[in-house]
S.K.: 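Following this message is one structure expressed as structure tokens.
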Amino acid sequence: QGNVVVRVHDVEERQPVASCVIASDEDLRAGWSGDDALLITSNQEQLRVWEASVGNELARLKAPKVEIARWSPTDQKLAVVAESTVQVWDAVRSELLASFRDKQLKTEFVNVEWSPDGNRIATAGWHGLVNVWEANSGRLLHELVGHVPRRFVRSVVWSSDGKLLASGGWDQSVKIW
């Protein structure tokens with residue numbers, strides 16, 4: 001197992017701002033919180049939350065086989081897909097808030113996106129469906145059918161007002177919901 005250094009740079013000044021060292025020999029991913037104050041790094045075993053300006057580790061979240069993690073646009077919550085399960089975490093307190101299963105999220109071809117208000121989560125994956133969930137409870141609100149079954153829905157994105165959802169799939173189509 002090797003060490004990976006994650007560096008935060010001021011692009012305009014071309015200077016490093018902070019760095020953190022992570023022990024990892026796997027695929028490493030990173031993502032910014034909506035206010036750019038926090039950074040998450042994830043590999044197949046865990047997620048780490050960093051205070052980006054100084055490189056301090058704030059929390060570690062245990063979520064084996066993480067496929068994707070997305071910040072809520074409104075607060076410090078994370079939606080994490082791991083083993084066909086969507087987990088909603090309070091990232092700073094390391095608290096699991098909700099967990100729900102979506103059978104179509106069984107491969108690396110998944111997507112999860114928060115609504116702009118942070119109240120809903122859209123998931124897309126293998127079965128050609130787009131599902132919309134209540135973020136705090138994990139209750140399925142809508143199952144949107146329109147893509148070709150058993151063709152990956154590769155992307156899903158909310159409109160800025162949260163009223164529309166667009167999805168794109170390997171069936172060569174984009175749907176507006």
Side-chain angles (χ1 to χ4, degrees), residues 6 8-12 17 28-42 47-53 58-59 61 63 66-82 84-93 95-105 107-148 151-177:
V6 176
V8 177
H9 286 262
D10 180 318
V11 177
E12 289 184 11
V17 175
L28 188 65
R29 300 173 191 141
W32 290 100
S33 62
D35 61 3
D36 295 330
L38 303 176
L39 180 70
I40 186 163
T41 58
S42 64
L47 297 113
R48 291 180 175 184
V49 180
W50 305 88
E51 187 178 10
S53 63
L58 298 177
L61 312 177
V66 172
E67 293 296 337
I68 193 168
R70 294 279 193 259
W71 286 101
S72 166
T74 60
D75 52 31
Q76 297 176 346
K77 292 180 191 170
L78 279 169
V80 177
V81 176
S84 300
T85 302
V86 177
Q87 301 171 349
V88 178
W89 290 86
D90 179 313
V92 174
R93 294 189 319 210
E95 181 182 349
L96 182 62
L97 303 174
S99 181
F100 47 95
R101 293 194 51 81
D102 187 336
K103 65 180 182 238
Q104 70 174 340
L105 303 179
T107 70
E108 66 275 10
F109 299 104
V110 300
N111 203 342
V112 59
E113 289 295 335
W114 289 87
S115 62
D117 63 7
N119 292 326
R120 294 164 292 158
I121 295 172
T123 58
W126 168 249
H127 289 281
L129 303 173
V130 175
N131 289 328
V132 178
W133 308 85
E134 186 177 83
N136 291 332
S137 69
R139 182 171 62 94
L140 181 63
L141 299 173
H142 306 285
E143 182 178 83
L144 306 174
V145 179
H147 287 279
V148 175
R151 297 291 298 227
F152 298 118
V153 177
R154 187 70 173 150
S155 64
V156 61
V157 63
W158 292 90
S159 63
S160 61
D161 63 4
K163 293 181 180 178
L164 298 173
L165 192 61
S167 58
W170 284 14
D171 62 358
Q172 308 289 314
S173 70
V174 173
K175 306 290 183 186
I176 309 293
W177 310 93

S.K.: Among all residues two or more places apart in sequence or in another chain, which pass the ring-ring contact (aromatic ring centres under 6.0 Å, His included) test with W133?
M.R.: F100
S.K.: Quick test of your reading: applying salt bridge (Lys or Arg N to Asp or Glu O under 4.0 Å), list the pairs with at least one residue in residues 115-133, sequence neighbours left out, ordered by first then second residue.
M.R.: none
S.K.: Please identify which of these residues, D90, L78, L96, meets the side-chain contact (heavy atoms from CB on, under 4.5 Å) condition with L61.
M.R.: L78
S.K.: Please list, chain by chain and in numerical order, all residues satisfying side chain to side chain donor-acceptor pair (under 3.5 Å) with S155, sequence neighbours excluded.
M.R.: none
S.K.: Can you tell me how far CD1 of I121 sits from CG of L140, rounded to the nearest 0.5 angstrom?
M.R.: 12.0 Å
S.K.: Please walk me through it: do N111 and I68 pass side chain to side chain contact (heavy atoms under 4.5 Å, CB included)?
M.R.: CA-CA 7 Å; N111 203 342; I68 193 168; 4.0 Å; yes
S.K.: Which residues pass the side chain to side chain contact (heavy atoms under 4.5 Å, CB included) test with V145, not counting sequence neighbours?
M.R.: L129, E143
S.K.: Taking atom CZ of R48 and atom CG of L58, what is their separation to the nearest 0.5 Å?
M.R.: 12.5 Å
S.K.: Indicate the atoms forming the closest heavy-atom contact of V153 with S167, along with that distance.
M.R.: CG1-CB, 3.8 Å
S.K.: How many angstroms lie between CG in L47 and CD1 in I40, if you round to the nearest 0.5 Å?
M.R.: 4.0 Å
S.K.: Tell me every residue that passes side chain to side chain donor-acceptor pair (under 3.5 Å) with S173, counting only those two or more places apart in sequence or in another chain.
M.R.: H147, D171
S.K.: Could you tell me which non-hydrogen atom of P116 sits nearest to which non-hydrogen atom of S159, and how far apart they are?
M.R.: CG-O, 3.2 Å
S.K.: Give the minimum heavy-atom separation between S115 and P73, together with the two atoms involved.
M.R.: O-CG, 3.3 Å
S.K.: Taking only residues two or more places apart in sequence or in another chain, which ones pass side chain to side chain donor-acceptor pair (under 3.5 Å) with Q76?
M.R.: none
S.K.: Return the OG1 to CG distance between T123 and L144, rounded to the nearest 0.5 Å.
M.R.: 9.5 Å
S.K.: Set out, in order, the CA-CA distance, both residues' side-chain angles and the distance that settles side chain to side chain contact (heavy atoms under 4.5 Å, CB included) for V81 and R70, then state yes or no.
M.R.: CA-CA 9 Å; V81 176; R70 294 279 193 259; over 6 Å; no
S.K.: Check side chain to side chain contact (heavy atoms under 4.5 Å, CB included) between A59 and all other residues, then give those that pass, not counting sequence neighbours.
M.R.: V49, S94
S.K.: Taking all non-hydrogen atoms of both residues, which atom of A135 and which atom of G118 are closest, and how far apart?
M.R.: CB-O, 3.9 Å
S.K.: Sequence neighbours left out, what passes salt bridge (Lys or Arg N to Asp or Glu O under 4.0 Å) with D75? Give chain and number order.
M.R.: K77
S.K.: What do the steps show when you test V132 against W177 for side chain to side chain contact (heavy atoms under 4.5 Å, CB included), and what is the final call?
M.R.: CA-CA 11 Å; V132 178; W177 310 93; over 6 Å; no
S.K.: Could you list the residues that satisfy side chain to side chain contact (heavy atoms under 4.5 Å, CB included) with S137, not counting sequence neighbours?
M.R.: E134, R139
